[in-house]
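Nothing fancy with the numbering, it's 1 onward along the sequence. Keep in mind that this is a model prediction, so the values were computed, not measured. Only this structure's heavy atoms are used, side chains among them; waters, hydrogens and symmetry mates stay out.
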Amino acid sequence: MTPTPAHRPALPPVVDRETWLREREALLAREKAHTREGDAIAAARRRLPMTPVPEVTVEGPGGTVPLVEAFEGRRMLIAYFHMWHDGEPFEDQCEGCTFSTCHMQTLDYLHARDVTYAVFGQGAYDESSAFAQFMGYPFPWYSARDSDPALLDGRDFGFIACYLRDGDQVYETYWTTDRGVEALMTSYYALDLTVYGRQEHWEDSPVGWPRVEGHPWRLDGRPVAQWSRPGVATSRSGVVAAKASCCAT
């Protein structure tokens, strides 16, 4: 039996089917205009010039390698630059970066278009790669901690960069940060389709709509995505198994 919440969220008004379809059609017209504008922006993105990247390196499981090795033989590379807090337990690592990149579980469609997805971490490789293993990430993980500053070019970790290689010469073609990183967050786009949306405090929602309490990307002190990971109950936080099981369901 599902427990009754202490506070029942407000509900949308109820109308007949004909009225509902009329309202839905009006919104659909706006959605289609938004899609066409998104297509136009993507077309402009494909027409951006590119800039050469100097010969820089990243550190992976085999040690320090040239950036071109991260392409894994493919023509294009999408890299997420992951923040890291030295010496902190897994549950205290960046919840935003965890949320961004934990969605990237099925890489087949990228590979089919000659694209590799990889993460360039801010932390030392040995320390941060253990986090990637704990999270069960299927994509390659590197450390950019000791890379030439030209790789970041003055940017803070927490951004996406896109690259193209011509032989061994690498070019940067695009980058984005802040809400641009939502391109990876498929859960957000799915939640936007629901009546209550993302349930975050900044959203423009009617009075009485539910809101997430506390940090929107954390649950009981952990990044939300960590609760379903095997071994979370015995990790460095010392959280009991029963609590982990409850939060993973």
Side-chain angles (χ1 to χ4, degrees), residues 42 44-88 90 93-185:
R45 190 180 294 120
R46 292 191 294 272
R47 288 167 172 79
L48 282 173
M50 60 185 182
T51 188
V53 178
E55 292 185 6
V56 298
T57 60
V58 291
E59 184 180 359
T64 301
V65 296
L67 177 61
V68 70
E69 293 295 321
F71 284 71
E72 297 187 332
R74 299 184 181 91
R75 189 77 185 275
M76 289 168 285
L77 170 68
I78 299 173
Y80 182 81
F81 285 72
H82 197 294
M83 296 179 186
W84 188 257
H85 305 302
D86 291 343
E88 296 296 328
F90 295 159
Q93 294 303 329
C94 179
E95 60 281 318
C97 291
T98 301
F99 183 40
S100 298
T101 203
C102 74
H103 290 80
M104 302 298 289
Q105 298 294 320
T106 302
L107 305 175
D108 307 72
Y109 294 95
L110 294 179
H111 294 171
R113 299 296 192 274
D114 212 12
V115 178
T116 292
Y117 176 82
V119 167
F120 294 167
Q122 185 179 16
Y125 179 78
D126 289 345
E127 182 181 357
S128 63
S129 63
F131 173 79
Q133 184 177 9
F134 160 70
M135 292 296 295
Y137 290 151
F139 41 77
W141 183 281
Y142 298 90
S143 171
R145 184 185 190 92
D146 298 320
S147 299
D148 189 300
L151 181 61
L152 272 73
D153 192 29
R155 297 167 288 195
D156 293 328
F157 281 83
F159 68 92
I160 299 170
C162 297
Y163 302 95
L164 174 71
R165 72 176 182 90
D166 184 17
D168 288 339
Q169 176 61 60
V170 176
Y171 299 90
E172 186 169 347
T173 60
Y174 178 75
W175 79 284
T176 187
T177 190
D178 297 328
R179 291 196 63 185
V181 176
E182 288 183 8
L184 306 182
M185 301 175 182

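Between Ser100 and Val181, the shortest heavy-atom distance links the atoms OG-CG1, 3.2 Å. Nearest heavy-atom pair across Gly123 and Ser143 is O-OG, 2.6 Å. Ala79 and Tyr163 get closest at one heavy-atom pair: CB-CE1, 4.0 Å. When all heavy atoms of Ile78 and Cys162 are compared, the closest pair comes out as CG1-SG, 4.2 Å.
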Any chance you could lay out the side chain to side chain contact (heavy atoms under 4.5 Å, CB included) test for Arg45 and Thr176, step after step, and finish with the verdict?
-> CA-CA 11 Å; Arg45 190 180 294 120; Thr176 187; over 6 Å; no

After noting the C-alpha distance and the side-chain angles of Phe120 and Leu67, does the key distance pass the side chain to side chain contact (heavy atoms under 4.5 Å, CB included) rule?
-> CA-CA 10 Å; Phe120 294 167; Leu67 177 61; 3.6 Å; yes

Please report the C-alpha distance between Phe81 and Cys97 in whole Å, then the side-chain angles of each, then the deciding distance to 0.1 Å, and finally whether the side chain to side chain contact (heavy atoms under 4.5 Å, CB included) criterion is met.
-> CA-CA 8 Å; Phe81 285 72; Cys97 291; over 6 Å; no

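Residues Tyr80 and Phe139 form no side-chain contact, since every pair of their non-hydrogen atoms from C-beta on lies 4.5 Å or further apart. For the pair Leu184/Tyr117, a side-chain contact is recorded, criterion being any heavy-atom separation below 4.5 Å from C-beta on. A 4.5 Å side-chain heavy-atom check between Val58 and Leu151 finds at least one atom pair inside the cut-off. Under the 4.5 Å side-chain criterion, counting only non-hydrogen atoms from C-beta, Met104 is not in contact with Val119. Residues Arg75 and Leu164 have side chains in contact (heavy-atom distance under 4.5 Å, counting atoms from C-beta outward).
Applying the ring pair (Phe, Tyr, Trp, His ring centres under 6.0 Å) test between His82 and each of Trp141, Phe157, Phe159, Phe99 identifies Trp141 as the sole match.
Distance check: Arg74 CZ to His111 NE2 gives 4.0 Å after rounding to the nearest 0.5 Å. Atom CE of Met135 and atom CD of Gln93 lie 11.0 Å apart (nearest 0.5 Å). The line from CG of Asp156 to CE of Met83 is 7.0 Å long, rounded to the nearest 0.5 Å. Between the OG1 atom in Thr173 and the CZ atom in Arg165 there is a gap of 14.0 Å [rounded to 0.5 Å]. To the nearest 0.5 Å, the span separating CD on Glu69 from CZ on Phe71 amounts to 10.5 Å. To the nearest 0.5 Å, the span separating OG on Ser128 from NE2 on His85 amounts to 12.5 Å.
Counting non-hydrogen atoms of neighbouring residues, nucleotides and ligands closer than 6.0 angstrom, the CG atom of Asp114 exceeds 12 such neighbours.
Annotation: cation-pi geometry satisfied between Arg155 and Trp175 (NZ/CZ under 6.0 angstrom from ring centroid, within 45° of ring axis).
Thr116 contributes no side-chain N or O that, together with a main-chain N or O of Ala70, makes up a donor-acceptor pair within less than 3.5 Å. Gln122 places a side-chain N or O within 3.5 Å of a backbone atom of Trp84 that can act as its donor or acceptor partner. Put simply, the side chain of Glu59 never gets that close to the backbone of Ala124: no donor and acceptor are under 3.5 Å apart.
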Expected list for residues 48-57: side-chain donor-acceptor pairs under 3.5 angstrom, two or more places apart:
none

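Taking the six-membered ring where the residue is Trp, Phe90 and Phe134 present parallel rings, their angle staying beneath 30° rather than reaching 60°.
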